[in-house]
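Heads up, the thing below is written out as structure tokens.
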Number of protein chains: 2
Amino acid sequence: MDQLDATFAALADPTRRAILARLIQGEASVMELAEPFAMSQPSISKHLKVLENAGLISRGRDAQRRPCRLEAKPLAEANDWLERYRKIWEGNFQRLDALLGAMKAEKAPDSTDQ
Amino acid sequence: MDQLDATFAALADPTRRAILARLIQGEASVMELAEPFAMSQPSISKHLKVLENAGLISRGRDAQRRPCRLEAKPLAEANDWLERYRKIWEGNFQRLDALLGAMKAEKAPDSTDQ
DNA sequence: AGGGTATATACCCGATTGGATATATACAGG
DNA sequence: CCTGTATATATCCAATCGGGTATATACCCT
């Protein structure tokens, strides 16, 4: 599966998005991540595996715990993909310039609007 | 299904992303959209239905044709969701830069699949 | 070694997905 | 009305998904 496929597929589930949202606050164990959900621990582990396979999280080792943390890169790729469309659909060139600037440290002149 | 669920799920398929990419150039009929793919017409119609149900495209009527065009709103929502994370990771990178001074191993591949 | 805790793996199951083919519908033009 | 064209719908099928329970593994502590 393509990276973008895996990223968007992982983001298509509300449980997984909630897990990512929780991880904004910092690392968390599986138990901690499972707590808000009416769902079994293995199901959460499965969601975490999907996120990990998509590269959206990575995991450490702390005794029996396998703390999860956010990984930015696949999110950045998904964001880049969406930014392209946002630029076209909304005519928002500021964001595109910011994106191109971040990616290539170079401005992308484009005078053709709409 | 939640709007974000539907949007991300629709974007998780490379055929559907390619269809959206094609629609950047303007409206297109089902036949025109199907042409680049080694796939039956009904399969393309099914993909279009997924995109339409997610609100990512809308359809008109031109004789027998049902031209498709891009719709911005759901994309904007998905983009907003990702933007939140972009801000976080940019913040993290700033902190990281502050700590490590110079750490540059970023590649910037422009790998838009279509 | 044995017990407790945290997490992963192995199946099971029903629903959904993404493809196919065959058929139905909608419309244009002679 | 009939034909051709564009598109949608109806099944079918294998694969994947998202949940469950039961069990295994990994690690800490006494």
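Here is the naming used below: chain letters follow the sequence lines, and residue numbers restart at 1 for every chain.
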Fill in: Check against salt bridge (charged side-chain N to carboxylate O under 4.0 Å, His left out), B/R59 and B/E71
CA-CA 10 Å; B/R59 326 201 50 180; B/E71 287 295 331; over 6 Å; no
Discussion item. Assess the residue pair A/E77 and A/K73 against the criterion (salt bridge (charged side-chain N to carboxylate O under 4.0 Å, His left out)); give the C-alpha distance rounded to whole Å, side-chain angles, the decisive distance to 0.1 Å, and a yes or no.
Written reply: CA-CA 6 Å; A/E77 289 178 21; A/K73 205 160 170 315; 3.5 Å; yes
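One finds no salt bridge joining B/R22 and B/E35 here, because no Lys/Arg side-chain nitrogen approaches an Asp/Glu carboxylate oxygen to under 4.0 Å. Ion pairing between a basic and an acidic side chain is recognised when a charged N comes within 4.0 Å of a carboxylate O; B/R17 and A/D2 show such pairing. Between B/E52 and B/K49 there is no salt bridge, since no side-chain nitrogen of the basic residue lies less than 4.0 Å from a carboxylate oxygen of the acidic one.
Of all the heavy atoms in A/P67 and A/R61, the pair that sits closest is CD-N, 4.0 Å. The nearest pair of heavy atoms linking A/C68 to A/L23 is O-CD2, 3.4 Å. Among all heavy-atom pairs drawn from B/A6 and B/A54, the shortest one is O-CB, 3.7 Å.
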Worksheet item: How would nucleotides 9-19 of chain D be written as a contact map, 5' to 3', with B for base contact, S for sugar-phosphate-only contact and - for no contact, using protein heavy atoms under 4.0 Å?
Response: B--------SB
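When each of B/E32 and A/R61 is assigned the nucleotide of DNA chain D with its nearest heavy atom, B/E32 is the one assigned upstream, toward the 5' end.
If you take CE of B/M31 and C1' of D/dA8, they are 11 Å apart, rounded to a whole angstrom.
Remark: the A/R66 side chain and the A/S29 side chain contain no N/O donor-acceptor pair separated by less than 3.5 Å.
Where DNA chain C meets chain B (any atom under 4.0 Å from a heavy atom), the bounding nucleotides read 5' to 3' are C/dG18 to C/dA28.
Remark: of the listed residues B/L70, B/L56, B/D80, B/L56 is the sole one forming a side chain to side chain contact (heavy atoms under 4.5 Å, CB included) with B/L75.
End-to-end axis angle of the helix from C/dA1-D/dT30 to C/dG30-D/dC1, from C1' rotation axes over five pairs per end: 20° (rounded to 10 degrees).
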